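The structure appears right after this line, and notes come after that.
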Amino acid sequence: MKAVRFHQYGEAGELRYETVPDPEPLGDEVLIRVRACGVNHIDVMLRSGELRLPGQQPLPHILGMEVAGEVIAAGPEVRQFRSGDRVLAAVVTCGRCRFCRAGWEQLCDDRRMLGTQLPGGYAEQVKISERGVLPIPPGLSFEAAAASRTSFATAWHLLITRGRLQAGEVVLINSASSGVGSAGVQIAKLAGATVIATTSTAEKAERLSQLGADIVVNYRLQDVAEIVRRATEGRGIDFVFDMVGGETLTRSLELLTKRGRLALCGAVSERRATVDLISLFFREIEIIGSTGSTLQEVERVLQLVNQGKLRPIIDRLLPLSQAAEAHRLMEQGKLFGKLVLVPDALLEQSPTSTGASSMRR
Ligand SMILES: [Zn+2]
């Protein structure tokens, strides 16, 4: 099959489109023909070598953590799926450790993600244990499913489960035009919150307004603190959704009202930040870490997408062979929403059946 691999850590140009052996499903594994694979910031960090995770696959490495496709073969122990099923796959957990037993499988001691520990979806085929597979609701396209899984479920876990967001609260979403940020805007609105979104260009600001953000701040031109102060009549915000880290996180903490919460699911600009601890304890501020999501949360957000209550935002589809270009676009911050890779043969076959034009805004 064709796949994109990198043989050493480095620039986007290290991603090579090449022929590799087909995976063979064993035991409880299903073999999935990839129809769409979401590109995530973690892919860029793994490729550059900036992020190394326990149990990472040896080089050459196949990225791609969220895969939508159809089952084409199954190992002898597979019980729930069969050929032809439309499925979504990303991560397998052990089901036995204390975190899995408590329903917190995002913290599983033996969590194996496609594209990190397991060869991922930058390929024509992927194999994974059926425990890491969910059916795609009828009516949802492969591209929409691949674009929805990580961004909506991550934002849901952060805002609703970890962050306990309530109707009527004021939320600041940093870097709101990213995949997870734009998902956060939609979920916060659905929860009845008032959303202040930050972004870097007028065009992205316009699109965030269309998504439902109440106030959009262009942080390159405008003073975020001043706008927050005016919008909340000096009271401060209740909640910050951050994935930027560094100075952005430091400044955001100062915008919170007493008892405010800041939850983060990434640190894409800088992993260290300065925190004024005296200000933190006097105001009873909470800083909350949030990682991934549970399968239950994924099912919930897919339901909401299928009902039209959440709308996947796909910046563009690219052929798998252009994965390096996909990474450059992501590194340059030129995307609004998700970038999805589609195997070249499928894009060539049916350029209009991919659903991209109806979802691209
Ligand atoms: Zn576990």
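Everything numeric in this text was worked out from a predicted model, so none of it was measured. Quick note: numbers below take in every heavy atom, side chains included, and nothing from hydrogens, waters or symmetry partners.
With respect to the salt-bridge test (charged N to carboxylate O, under 4.0 angstrom), the residues Arg33 and Glu70 qualify. Using a cutoff of 4.0 Å between basic side-chain nitrogens and carboxylate oxygens, Asp110 and Arg112 are scored as salt-bridged. Salt-bridge annotation for Arg251 and Glu254: absent, with no side-chain N of the basic residue lying under 4.0 Å from a carboxylate O of the acidic one. Note on Arg5 versus Glu18: salt bridge recorded, some NZ/NE/NH1/NH2 to OD/OE distance being below 4.0 Å. Between Lys189 and Asp214 there is a salt bridge, with a side-chain nitrogen of the basic residue lying less than 4.0 Å from a carboxylate oxygen of the acidic one. The residues Glu331 and Arg328 are annotated as not salt-bridged, no charged nitrogen and carboxylate oxygen being separated by less than 4.0 angstrom. Using a 4.0 Å cut-off between charged nitrogen and carboxylate oxygen, Glu284 and Arg259 count as a salt-bridge pair.
At least one side-chain heavy atom of Leu339 sits under 4.5 Å from a side-chain heavy atom of Leu329. Taking the side chain as every heavy atom from C-beta outward, Ile42 and Met113 approach each other to under 4.5 Å. For the pair His157 and Gln106, the minimum side-chain heavy-atom distance is below 4.5 Å. A 4.5 Å side-chain heavy-atom check between Val180 and Thr150 finds every atom pair outside the cut-off. The shortest distance between side-chain heavy atoms of Glu24 and Leu31 does not fall below 4.5 Å. Counting heavy atoms from C-beta on, the side chains of Met1 and Val20 come closer than 4.5 Å. Phe99 has its side chain out of reach of Cys94: every pair of non-hydrogen atoms, C-beta onward, lies at least 4.5 Å apart. No side-chain heavy atom of Val195 sits less than 4.5 Å from a side-chain heavy atom of Ile215.
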Step by step, work out the side chain to side chain donor-acceptor pair (under 3.5 Å) result for Thr201 and Asn218. CA-CA 6 Å; Thr201 71; Asn218 182 334; over 6 Å; no

Mind running side chain to side chain donor-acceptor pair (under 3.5 Å) on Gln210 and Arg207 for me, showing each step along the way? CA-CA 5 Å; Gln210 288 167 8; Arg207 295 173 78 171; 5.6 Å; no

Evaluate the criterion side chain to side chain donor-acceptor pair (under 3.5 Å) for residue pair Gln8 and Glu14; output intermediate values, then yes/no. CA-CA 7 Å; Gln8 57 182 25; Glu14 296 295 340; 3.2 Å; yes

Run Glu297 and Thr161 through side chain to side chain donor-acceptor pair (under 3.5 Å) and show every step you take. CA-CA 9 Å; Glu297 289 166 332; Thr161 308; 2.6 Å; yes

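Within 6.0 Å of CD in Glu247 there are 12 or fewer heavy atoms belonging to other residues, nucleotides or ligands. Environment of CZ in Phe281: crowded, with over 12 heavy atoms of neighbouring residues, nucleotides or ligands closer than 6.0 Å. Annotation for Ile278: atom CD1 does not count as buried by contact number, only 12 or fewer foreign heavy atoms lying within 6.0 Å. For CD of Glu11, the number of neighbouring non-hydrogen atoms (other residues, nucleotides, ligands) closer than 6.0 Å is 12 at most. Other residues, nucleotides and ligands contribute at most 12 non-hydrogen atoms within 6.0 Å of the CD atom of Glu233.
Tested against Val228, the residues Leu255, Leu256, Val240, Val170 include a single side-chain contact (heavy atoms from CB on, under 4.5 Å) partner, Leu255. Partner of Thr248 under the side-chain contact (heavy atoms from CB on, under 4.5 Å) criterion, out of Thr198, Val268, Asp242, Leu253: Asp242 alone.
Here the closest non-hydrogen pair linking Ala89 and Leu114 is O-CD1, 3.7 Å. Taking each heavy atom of Phe142 and Ala36 in turn, the nearest pair found is O-CB, 3.7 Å.
With rounding to the nearest 0.5 angstrom, the OG1 atom of Thr199 is 6.5 Å from the OH atom of Tyr219. Between Arg300 atom CZ and Ser293 atom OG the span is 14.0 Å, to the nearest 0.5 Å. Atom-to-atom distance recorded for Asp109:CG and Cys100:SG is 8.0 Å, nearest 0.5 angstrom. Atom CZ of Arg311 sits about 10.0 Å away from atom OG of Ser182, to the nearest 0.5 Å.
Relative orientation of the Tyr122 and His327 rings is perpendicular, given thresholds of 30° and 60° on the angle between their planes.
With no hydrogens or angles considered, a side-chain donor-acceptor pair links Asn40 and Lys338 at under 3.5 Å.
In terms of the salt bridge (Lys or Arg N to Asp or Glu O under 4.0 Å) criterion, residue partners of Glu169 (sequence neighbours excluded) are, by chain and number, Arg261.
At a threshold of 4.5 Å between side-chain heavy atoms, the hydrophobic network of Ile, Leu, Val, Met, Phe, Trp and Tyr places Ile173 and Phe152 in one connected group.
In this structure, Arg16 forms no cation-pi arrangement with Phe6, as its terminal cationic atom is not both closer than 6.0 Å to the ring centre and no more than 45° off the ring axis.
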